[in-house]
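The sequence lines fix the lettering, A, B, ..., with proteins before strands; numbering per chain opens at 1.
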Amino acid sequence: RKEVEQDPGPFNVPEGATVAFNCTYSNSASQSFFWYRQDCRKEPKLLMSVYSSGNEDGRFTAQLNRASQYISLLIRDSKLSDSATYLCVVTFGGATNKLIFGTGTLLAVQP
Amino acid sequence: DTGVSQNPRHKITKRGQNVTFRCDPISEHNRLYWYRQTLGQGPEFLTYFQNEAQLEKSRLLSDRFSAERPKGSFSTLEIQRTEQGDSAMYLCASSYRTGAYGYTFGSGTRLTVV
């Protein structure tokens, strides 16, 4: 079983739509949680952290449910520029602090 | 440019050849990571350096792969006797702290083995 699982999509949505991505992680010792965005053939870039209390950054809302080992990302009022792959990421902390990535969910916002 | 720099951007090589990639991290970052990303997958961790010490290697890093970070500055990743399955994007990242904050990725080196 993969450590971080995501629906690969693609999610094809019209501009202005609200779209939600989900992710599950297998290791209950996971300490930190993030969403990254990756444009085609580019490097991944940090979008936002995810906290149990939920956090919002403009049109983006992230939520963590530790009991269910579940992470979500909600995008409201989708823009064409939101089209990208969204990667769910966890870390276990420790000396290495490597990032464990999901496979990513592809979002295509249609005009 | 104060970002993470990777060279070359693209590399096409014949199966069986050796290739070497270079990563120049952000100068004040003591942590350096290599990841590999294949089509349709997220990046996978390969190895980690803290300063010049290689502190962790993934089991993905077969004996054909070797990474170095002499003097704790730039790093190189060498693949010997390349195979078609090595075709991927090789990403380098550097960081000065724990957590994803301060974690900066380079643009990657795209390797195609023909």
Side-chain angles (χ1 to χ4, degrees), chain A residues 2-11 21 23-27 29-51 55 57 62 64 71 73 84-108, chain B residues 1 3-6 9-10 21 23 25-26 29-51 53-61 67 87-112:
Chain A
K2 289 197 170 189
E3 292 181 278
V4 180
E5 298 209 48
Q6 294 182 252
D7 179 348
F11 282 55
F21 305 137
C23 162
T24 57
Y25 60 95
S26 60
N27 192 328
S30 300
Q31 293 191 354
S32 302
F33 309 88
F34 308 93
W35 284 101
Y36 270 69
R37 171 190 169 131
Q38 186 172 29
D39 293 299
C40 189
R41 296 184 170 267
K42 300 284 189 182
E43 72 274 22
K45 293 186 178 177
L46 179 63
L47 179 66
M48 60 196 303
S49 298
V50 190
Y51 306 113
N55 51 302
D57 182 1
L64 165 67
I71 303 164
L73 177 68
T85 295
Y86 291 83
L87 295 156
C88 179
V89 180
V90 306
T91 71
F92 304 136
T96 300
N97 195 49
K98 61 192 174 194
L99 303 182
I100 310 297
F101 288 83
T103 55
T105 298
L106 179 61
L107 171 66
Chain B
D1 184 357
V4 177
S5 175
Q6 290 190 249
R9 292 293 303 275
H10 304 274
F21 310 141
C23 171
I26 293 172
H29 287 186
N30 63 338
R31 298 166 173 257
L32 187 146
Y33 303 81
W34 285 97
Y35 289 80
R36 180 176 71 185
Q37 186 174 23
T38 53
L39 197 62
Q41 301 297 315
E44 295 174 295
F45 169 77
L46 291 179
T47 191
Y48 162 65
F49 288 86
Q50 184 161 331
N51 299 310
Q54 188 174 20
L55 297 185
E56 185 171 342
K57 291 194 291 186
S58 163
R59 56 186 166 78
L60 293 175
L61 213 67
S87 296
M89 172 78 90
Y90 289 84
L91 291 159
C92 177
S94 70
S95 173
Y96 64 91
R97 53 176 285 182
T98 58
Y101 294 104
Y103 217 104
T104 303
F105 280 90
S107 300
T109 293
R110 183 168 296 280
L111 173 66
T112 303

Legend entry - Donor-acceptor contact present, side-chain B:Y35 to main-chain A:L99, <3.5 Å: yes
Legend entry - Part of B:E44 lying under 4.5 Å from any heavy atom of chain A: neither
Legend entry - Gap between atom CE of B:M89 and atom CD of A:E43 - 0.5 Å precision: 8.0 Å
Legend entry - Separation of A:T96 OG1 from B:R31 CZ (nearest 0.5 Å): 8.0 Å
Inset, instruction - Could you look at B:L91 and say if it's the side chain, the backbone, both or neither that has a heavy atom under 4.5 Å from chain A? - result: side chain
Legend entry - Gap between atom CG of A:N97 and atom CD of B:E56 - 0.5 Å precision: 10.5 Å
Legend entry - Residue pair A:L87 / B:G42: nearest heavy atoms and the distance that separates them: CD2-CA, 4.0 Å
Legend entry - Contact origin within A:P44 toward chain B - heavy atom pairs under 4.5 Å: both
Inset, instruction - Give, for atom OH of A:Y36 and atom OH of B:Y103, the distance between the pair rounded to the nearest 0.5 Å. - result: 7.0 Å
Legend entry - Contacting region of A:Q38 [heavy-atom separation from chain B under 4.5 Å]: side chain
Inset, instruction - Give, as side chain, backbone, both or neither, the part of B:Y33 having an atom under 4.5 angstrom from any heavy atom of chain A. - result: side chain
Inset, instruction - Rounded to the nearest 0.5 Å, what's the gap from NZ on A:K98 to OH on B:Y48? Could you check? - result: 11.5 Å
Legend entry - chain A contacts, top residue of B:G108, B:G40, B:G106 (heavy-atom pairs, under 4.5 Å): B:G106
